[in-house]
A.B. asks: 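Here it is, the structure in full.
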Amino acid sequence: MQTIELISFKLCPFVQRSVITLLKKGVDFKITYIDLANKPDWFLQLSPLGKVPVVKYGDQVLFESAVINEFLDEITPDQIMPSDALQKAKDRGWIEYSSQIIMDQYRMTVAKTAEDYETHSSALSQKLQRLETVINGEYFSGDKFSLVDAAIAPVLSKFAMLQRYYQVDFLSELPKLTALTTKLVNFDFVKKSVVDDFEPLFDQYLRDNGSYLTQSK
Ligand SMILES: N[C@@H](CCC(=O)N[C@@H](CS)C(=O)NCC(=O)O)C(=O)O
């Protein structure tokens, strides 16, 4: 196996998916943080879309979190992506769906006005209601942690933080998602998938950006 270097931004939930996958699988890797507000030239040379995560695998470059995670899973023992073609295809669909949820959640947290906040929070709630109906088992699909759980864990752990910091609750009416959140946030490989000061950093990022959510909280 070649060396693995993950290029990251400390607050990025897409990178967090890859860290979860690497930690869950016990793979050695190096992590390099960049500032997305000031992207270094070497990063722009590597990343076709100028986005993290990017993985350097030896001298090869990979981008897109879902693709990176499948690759990391395939080159290491004990695959966590289901082997059944139909289940794999379904999970890939829900991984993409959870990317859209990540974006709604991000837009909601950085919304500057009550109106924008409501727009994104209602889009988010609708998607979560649908997600609730497809959870089937102890994990997202079945009784084993899989890549779809790695994809959704960042968004669920963020909801747990939003509740503690700003008293907003998106999961209270969604018992399956609530149970999945409790399960996932308690795993060490999820807890350690962000920097130690992630929550205060994220809170500061929102305040610096004039987030409506943080006003009067
Ligand atoms: N579809 C991409 C999304 C990655 C993404 O949006 N990353 C954000 C940070 S969380 C980024 O790098 N944004 C920089 C930019 O758009 O300029 C993936 O799954 O890897």
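Each ligand, and each atom within it, is numbered from 1 in the order the structure gives.
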A.B. asks: Which residues pass the ring pair (Phe, Tyr, Trp, His ring centres under 6.0 Å) test with Phe43, not counting sequence neighbours?
C.D. replies: none
A.B. asks: With the criterion set at N/O pairs under 3.5 Å, what does the list of contacts between the protein and ligand 1 look like, atom names and distances included?
C.D. replies:
unit_1   : atom_1 : unit_2 : atom_2 : d
ligand 1 : 1 (N)  : Glu64  : OE1    : 2.8
ligand 1 : 1 (N)  : Glu64  : OE2    : 3.4
ligand 1 : 7 (N)  : Val52  : O      : 2.9
ligand 1 : 12 (O) : Val52  : N      : 2.9
ligand 1 : 17 (O) : Lys39  : NZ     : 2.5
ligand 1 : 19 (O) : Ser65  : N      : 3.4
ligand 1 : 19 (O) : Ser65  : OG     : 2.7
ligand 1 : 20 (O) : Ser65  : N      : 2.9

A.B. asks: Could you work out, with ring pair (Phe, Tyr, Trp, His ring centres under 6.0 Å) as the rule, every residue matching Phe159, not counting sequence neighbours?
C.D. replies: Phe170
A.B. asks: Taking all atoms of both residues into account, what is the closest heavy-atom pair of Trp94 and Arg130, and its distance?
C.D. replies: CH2-CG, 4.3 Å
A.B. asks: Only one of Leu184, Leu177, Leu131 clears side chain to side chain contact (heavy atoms under 4.5 Å, CB included) with Phe140; which?
C.D. replies: Leu131
A.B. asks: Check the side chains of Arg17 and Ser99 for a donor-acceptor pair under 3.5 angstrom, ignoring hydrogens and angles.
C.D. replies: yes
A.B. asks: Quick one: ring pair (Phe, Tyr, Trp, His ring centres under 6.0 Å) partners of Phe145, sequence neighbours excluded?
C.D. replies: Phe189
